[in-house]
Each structure stands twice: as C-alpha cells, then as structure tokens.
Enquirer: 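Encoded as structure tokens, here's the structure I'll be asking about.
Just so we're on the same page: letters track the sequence lines, and every chain starts at 1.
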Amino acid sequence: MIHFAELFMKIKQTLETLIRQAMVDAGIPEPKPIVKQSQRAEFGHYQANGVMAAAKQLKQAPRDLAKAILAMLPPQPDFSFEIAGPGFINVRLSNDCLSRALSQAASTIALACPAPRRIVVDYSSPNLAKEMHIGHLRSTVIGDTIVRVLEHVGHTAIRANHVGDWGAQFGSLLAYLAETGHNESAQAAALSDLEKFYQAASKKFKQDPEFAETARGYVVKLQAGDPTLKQLWQAFIATSMDHGQAVYDKLGITLSKADAMPESQYNDDLLPLLDSLQNQGLIERSDGALCVFLDEFKGKDGSRLPAMVQKSDGGFPYLATDLAALRYRYQTLKADEALYVVGASQQLHLRQVFAVARAADFIPEQLTTRHLAFGLVLKADGTPFKTRDGADVKLIDVLNEAVDRAKTLLAARSEGLTDEEQQVIARVIGIGAIKYAELQKNRTTDYVFDWDTMLSFEGNTAPYLQYAYTRIRSLFRKSGASPMGPNSEVVISTTEETALALKNLQFQEAIDTYLDDYQANVLCNYLFELAGTFMTFYEHCPILSENQTLRSSRLRLAELTADTLKTGLGLLGIETVERM
RNA sequence: CCGCUCGUAGCUCAGCUGGAUAGAGCACCAGGCUUCGAACCUGGGUGUCGGGAGUUCGAAUCUCUCCGGGCGGGCCA
C-alpha cells in the first residue's frame with residue numbers, strides 16, 4: 001500500500017524506486033529503470049524503458065527479464081504492470097489509487113524542498129540612462145519565473161538586478177551634455193529627454209574620435225569621484241530607476257529597487273581584484289591592456305583569446321565588474337549557486353567570467369554557475385524587433401498596447417462587465433498574454449513576437465488557460481457550492497476523470513522537469529494539457545445535475561484543477577480573474 | 001578563419017540522460033449549443049526530423065562530416 005502523504009505528486013519517483021529495487025533483486029547490478037510518462041494512452045500512464053538495455057548487458061531475452069523483474073515486485077494493489085513490445089514495462093494507476101491520492105491531497109502545492117539552497121538569479125539588468133526596451137522583456141520575464149519557482153519549492157532566491165549605471169555610456173553622455181551646455185536642464189530632465197541626449201552622444205562617440213577620447217576622460221573623472229559629475233550622474237540614476245520600477249509594476253515583476261545591484265557598487269572592488277589577479281600571476285600586459293589568458297580559451301592554432309580586465313587607459317571593462325559581482329555573490333551573498341539570465345550573445349563573455357573567477361579562486365568549486373541564455377526578439381518577418389526607423393521599441397509602449405488590444409477583444413466578447421472590471425481584466429489578459437507567449441517557447445532560440453498569435457485567445461495561450469479557470473469559478477458561482485476542501489472524496493469512473501486526476505497529480509513532476517534546465521515551456525505545456533484535459537472532462541461529465549456523491553466529487557476535481565491552474569500560472573507571473 | 005547555437009508538418013513550435021506508429025497549436029474541412037461560460041469540444045496529418053556517414057537490437061535524440069541561418073571572437077556593454 002502506498003503512503004500518499006509521501007508520494008503525492010511523486011508518482012514517477014515512486015515507480016522509479018520500486019522498479020529499481022526489483023531490478024536489483026532480479027540480479028541487475030546497476031539498474032536504470034528509465035521511467036517516463038507514456039506518450040500514448042494504450043501504453044499506460046507510465047512506462048519503464050530500462051529493461052532492454054539491462055537485458056543486453058546480461059545477454060538475456062528482454063521480455064523474460066521483464067517478467068523476472070515483475071516477479072520481484074511486492075504485491076501492488078495501486079499499480080498494474082504489463083510487459084509490452086520488445087520489453088517495455090507499462091504501468092497503469094488504478095482509479096482507486098488516483099481517487100485516494102486526490103482525496104488525501106491538501107492541495108496541489110508542492111512539497112517542502114528537502115535541500116534548500118541560496119540561489120542568486122541575475123536578471124533584467126537594464127542599462128540606466130535609457131528607457132527599457134523590448135530587448136529587456138525576455139530576461140525580465142524568464143528570470144522572474146525562475147525566482148518564483150525556486151521560492152515555491154523552498155529555495156532562497158536572491159534577485160540580482162545588475163543595472164548598468166557605470167561605464168562608457170555615462171562618459172559619453174556627460175561629455176555630450178558638457179559640450180552642448182545642457183548640464184543644467186539635464187539635471188531635471190525626464191528620462192525620454194535623457195535618452196535623446198544619450199542617442200546623440202553615442203552617435204557622436206562612434207563618428208568623432210576626438211569626442212570619444214573626451215568621453216573616456218569623463219568616465220575616468222567620474223570614477224575618480226568628481227563631485228559635480230557625480231551629482232549629475234545620481235540624478236540620471238534616480239530618474240531611470242523610477243522608470244524601471246514603473247515598468248516592473250505594470251508587468252507584474254517581483255523586482256523592487258532594493259534588488260538593484262548596480263555596476264557602480266563594485267567600483268571599490270576593482271583595484272583589489274586586479275591586485276589579486278596580479279599576485280597570482282594571472283595577469284599579462286598585452287597591447288597596453290591587462291589581460292588574463294587561460295588555456296581553455298586557446299584556439300586550435302595556438303591563438304590566445306584575452307580576457308581583458310583593465311583597458312590601456314586605466315578604465316575597467318565589464319569583465320572586471322562582472323568578476324567582482326560574481327565574487328560578491330559568493331563572499332557577501334553566500335550563494336550556493338549563481339544563475340545568469342542573459343542573452344545568448346554573451347555566452348563567450350560569461351564563460352570567461354566563470355573561468356577567470358575559478359582560476360583566481362574568487363569562487364569555490366562547489367558554487368555552480370550557469371548561464372541561462374536566450375535568443376533575440378524578432379518580428380513576424382524574422383527581422384529584429386525595431387521601429388521602422390531602426391530604434392528600439394519601448395517596453396512600456398508594448399505593455400500598453402497589449403492591454404489596449406485585450407480591452408478591445410474583451411469589449412467584443414464579454415457581457416455584463418463594468419468598465420472598471422474590464423480595465424482590470426484587460427490588464428490581466430494583456431500582460432498574461434505577453435508573458436505566456438514568451439515563456440511558452442524554448443528559451444534558447446530566437447523568439448517571434450506576434451500580437452495576433454499571443455492574443456488570439458485560441459490554442460496554447462494565456463487567455464485559454466485563464467478561460468479554463470473562469471469556467472471553474474463560474475461553476476462554483478452557479479451552483480452556490482462552497483469550497484469542497486482537502487478531505488472531500490473523489491470518485492473516479494470515467495476515462496475523462498482518470499485523465500484529469502492523473503494530470504493534476506503530475507504538477508510536481510512538471511516543476512521538477514522545469515528545474516532541470518529552467519525551460520518554462522515545460523510548465524506552459526503542462527498547464528495547457530491540464531486545461532485541455534479539464535475542458536474535455538467538462539464537456540463530457542455533467543456536474544451540477546448529478547447526484548450528491550458524483551456532484552461533489554466532480555466539483556472537487558474541478559476545484560483541484562483551478563488550484564493547480566492558479567498556482568501554475570502564478571509561477572509564471574500570470575494572474576487569473578473570476579470572470580472574463 | 002575559429003568558437004557557440006539552431007535547422008522537425010504550409011506557419012509557430014514541442015519531443016533530444018537513445019526506445020513502441022515523430023506530436024501540439026494556428027490555418028483549412030466536417031460535425032456539436034432549449035442543459036454547468038461555444039474564448040469551448042469531437043473527428044480529419046503522405047513530415048527526405050537540413051544532406052550524408054558511423055555507433056546500436058533500436059537514432060529526431062549520441063559521434064563525425066558537409067550545407068544553411070543566427071550570435072560571438074582585446075580596449076562598447
């Protein structure tokens with residue numbers, strides 16, 4: 001008999017353990033059961049694929065070995081096993097087992113994490129002095145999902161917003177303002193004005209070598225602590241941070257100003273860091289700059305790839321800052337793990353950061369570092385997402401458009417909603433659609449941003465999931481039923497009920513799979529399947545017209561589904577509404 | 001030239017610690033609302049899994065090679 005309190009939503013693990021033991025008992029030295037959810041209903045609910053490989057090793061007939069393994073299993077009233085094909089073991093859970101698992105389930109909330117870790121998640125990381133643009137969407141949304149899930153399963157997630165407040169871009173901005181006499185007005189300027197200055201400045205930086213030289217001088221002056229420049233700079237930062245927070249609030253991102261760990265905060269660490277590298281003999285002067293050359297970045301032809309830690313003019317490139325930041329994550333934040341939600345274009349850079357930090361012993365072996373890369377945001381025609389004149393699309397404009405579009409669609413479909421309700425619902429749907437469209441695709445590839453797809457309200461979209469949720473809520477409104485609660489009985493007789501019960505019980509497995517590689521599409525697909533399974537159940541299984549036992553059982557099944565949907569969407573940072 | 005990454009249905013994408021007949025959504029076609037919300041459900045798929053070779057009982061998945069796209073490769077970040 002299975003102890004549900006322990007195995008609830010850990011079906012796969014339970015089977016894995018069970019079958020592994022049976023394989024050992026059947027004389028297999030190092031068994032790999034390879035338990036997976038079955039792809040087809042005819043192959044049961046789960047299948048173990050490991051018998052064939054083991055049979056090969058032992059030089060036995062696979063089906064005979066499968067039979068021997070099953071013979072080693074203690075009696076299993078909850079599972080039925082079947083040998084199929086060349087030697088698969090197909091497993092089916094009994095309806096009674098599913099029913100008991102659900103009846104004893106307090107909710108679909110995950111179990112406590114057995115080994116909590118401190119995990120720093122670097123995400124969003126906008127450059128200050130500019131408005132946030134569409135390019136910041138991916139890191140922000142992907143990263144926010146990661147911290148939500150980590151916290152959900154009991155880890156300590158430390159949000160790290162590595163905002164760019166300190167570098168050459170500020171040098172050219174300050175130089176430009178000084179040259180054009182805009183210093184006074186810039187002090188009080190809105191961010192959009194600052195951005196214009198910034199664009200003009202970076203254009204000049206590229207075209208005018210003399211100006212570029214001046215700009216670099218300003219960086220050095222700023223880094224040396226020039227009071228006038230510093231005051232101006234602080235005004236820029238404050239304006240930018242306000243803007244950033246407004247975008248986060250609108251997008252429903254859990255970042256706050258307190259999570260900002262700006263580049264400038266590592267300013268005082270850079271020289272000591274350089275010293276440390278020097279003392280360890282890792283530094284080499286090359287063309288006037290200080291570089292670290294590691295063997296692992298050597299080309300086949302012997303060419304060496306430098307990791308530059310100080311420029312020839314004495315300034316520090318971002319590698320130096322990122323090294324200091326990584327060391328800070330270990331020394332000060334006491335991280336067990338550092339995740340970087342940063343674009344794929346930074347792959348080489350981050351590999352260098354990790355490698356140099358390890359070579360210099362800034363971080364210990366057991367601290368795991370991971371670059372969670374993602375691709376670009378493209379338009380439907382496959383070109384980068386820019387305005388017609390090639391400028392970055394402002395993130396706040398995208399969010400507003402999403403809400404506007406959702407409101408239009410809502411007005412055409414919904415009845416009986418007040419303007420105020422429509423406003424709220426349009427925000428939840430519009431923002432949810434953007435986030436879901438982003439998360440639903442594989443993180444690593446480029447992503448096509450398409451309004452019509454994400455807001456079509458059909459197919460694998462946030463509105464479909466939100467709609468499934470409102471249907472369940474409506475059921476409870478309609479019936480006047482009070483919440484069923486954890487101990488209400490679930491009876492399962494139809495295939496639709498079996499499917500829905502099983503799906504609900506697989507929530508934790510979806511989360512586990514997500515945590516392997518932080519691919520949110522795993523969670524999205526799970527929720528989409530859950531919603532689809534519910535819709536099928538809903539169409540085929542009458543609820544309110546049934547007798548008391550069946551009625552409350554099915555209401556409970558619906559309620560559990562609503563809980564799972566709401567929790568799951570919540571992990572993706574997507575809200576639900578009672579009606580839409 | 002070197003490195004990383006991707007190439008799966010008309011389109012957007014899953015599947016990749018090797019497993020059964022490669023799956024979804026969109027679009028398209030045909031059905032289903034006097035009954036719990038039809039933003040839904042049911043049925044309809046002849047795909048060189050970029051090409052080739054290799055490893056294996058078995059390859060979309062692993063290895064090699066070629067082709068094609070994207071992104072990187074010392075003084076921007």
Enquirer: Ignoring the backbone of A:Q346, work out which of B:A77, B:C41, B:A20 is nearest its side chain.
Expert: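 Closest nucleotide to the A:Q346 side chain: B:A77.
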Enquirer: Give A:K32 one of three labels, base, sugar-phosphate or nothing, depending on what nucleic acid heavy atoms sit under 4.0 Å from its own.
Expert: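 No contact.
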Enquirer: When rounded to the nearest Å, what value does the distance between P atoms of B:A38 and B:U46 take?
Expert: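 My reading of the P atoms in B:A38 and B:U46 gives 32 Å.
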Enquirer: For RNA chain B, which ranges pair as stems of 3 or more consecutive Watson-Crick or G-U pairs, with both donor-acceptor distances under 3.5 Å?
Expert: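 B:1-7 with B:67-73, B:10-13 with B:23-26, B:28-32 with B:40-44, B:50-54 with B:62-66 - these are the stems of 3 or more pairs that involve RNA chain B.
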Enquirer: Students often get this wrong, so: under 4.0 angstrom with heavy atoms, is A:C541 touching a base, only sugar-phosphate, or nothing?
Expert: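 Base contact.
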Enquirer: For a quick test of reading the model: is some side-chain N or O of A:Y447 closer than 4.0 Å to OP1 or OP2 of B:C13?
Expert: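 The answer is no; no side-chain N or O of A:Y447 sits under 4.0 Å from OP1 or OP2.
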Enquirer: Which nucleotide, B:C75, B:C40, B:A77, lies nearest any side-chain atom of A:E539?
Expert: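 Closest of the options to the side chain of A:E539: B:C40.
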Enquirer: Does A:F88 stack onto the base of B:A20, taking stacking as ring centres under 5.5 Å apart and planes under 30° apart?
Expert: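 Here the ring of A:F88 and the base of B:A20 are stacked, with centres under 5.5 Å and planes under 30°.
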Enquirer: Using atom P of each nucleotide, how far apart are B:C26 and B:G58 to the nearest Å?
Expert: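 Their P atoms lie roughly 38 Å apart.
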Enquirer: Figure out the NE2/C1' separation between A:H349 and B:C4, and round it to whole Å.
Expert: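 Taking NE2 of A:H349 and C1' of B:C4, I get 15 Å after rounding.
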Enquirer: What nucleic acid atoms does A:P317 come within less than 4.0 Å of, heavy atoms only: base, sugar-phosphate, or nothing?
Expert: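 Sugar-phosphate contact only - A:P317 comes under 4.0 Å of backbone atoms but never of a base.
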Enquirer: Rounded to the nearest angstrom, tell me the gap between atom CZ in A:R138 and atom C1' in B:C71.
Expert: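 For the pair A:R138 CZ and B:C71 C1', the rounded distance is 14 Å.
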Enquirer: From C-beta outward on A:N521, which listed nucleotide comes closest to its side chain: B:G15, B:C6, B:U21?
Expert: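 From the listed options, B:G15 comes nearest.
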Enquirer: If you only use heavy atoms from C-beta on, which nucleotide in B:C4, B:C76, B:G19 is closest to the side chain of A:A53?
Expert: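 Given the options B:C4, B:C76, B:G19, the side chain of A:A53 is closest to B:G19.
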Enquirer: Would you classify A:A84 as touching base, sugar-phosphate or nothing, given that sugar-phosphate means primed atoms plus P, OP1 and OP2, and contacts are heavy atoms under 4.0 Å?
Expert: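 If one applies the 4.0 Å heavy-atom cut-off, A:A84 turns out to touch a base.
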Enquirer: Can you tell me the distance, in whole Å, between the CZ atom of A:F374 and the P atom of B:C6?
Expert: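 In whole Å, B:C6 P lies 16 Å from A:F374 CZ.
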Enquirer: Between B:A20, B:C36, B:C40, spot the one nearest the side chain of A:L475, thanks.
Expert: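 Of the options given, the side chain of A:L475 lies nearest B:C36.
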Enquirer: What nucleic acid atoms does A:L410 come within less than 4.0 Å of, heavy atoms only: base, sugar-phosphate, or nothing?
Expert: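 The residue A:L410 makes base contact.
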Enquirer: Do we count A:F528 as stacking onto B:G25 if the rule is ring centres under 5.5 Å and planes under 30°?
Expert: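 No, A:F528 does not stack on the base of B:G25, since the centre distance and plane angle fail the 5.5 Å and 30° test.
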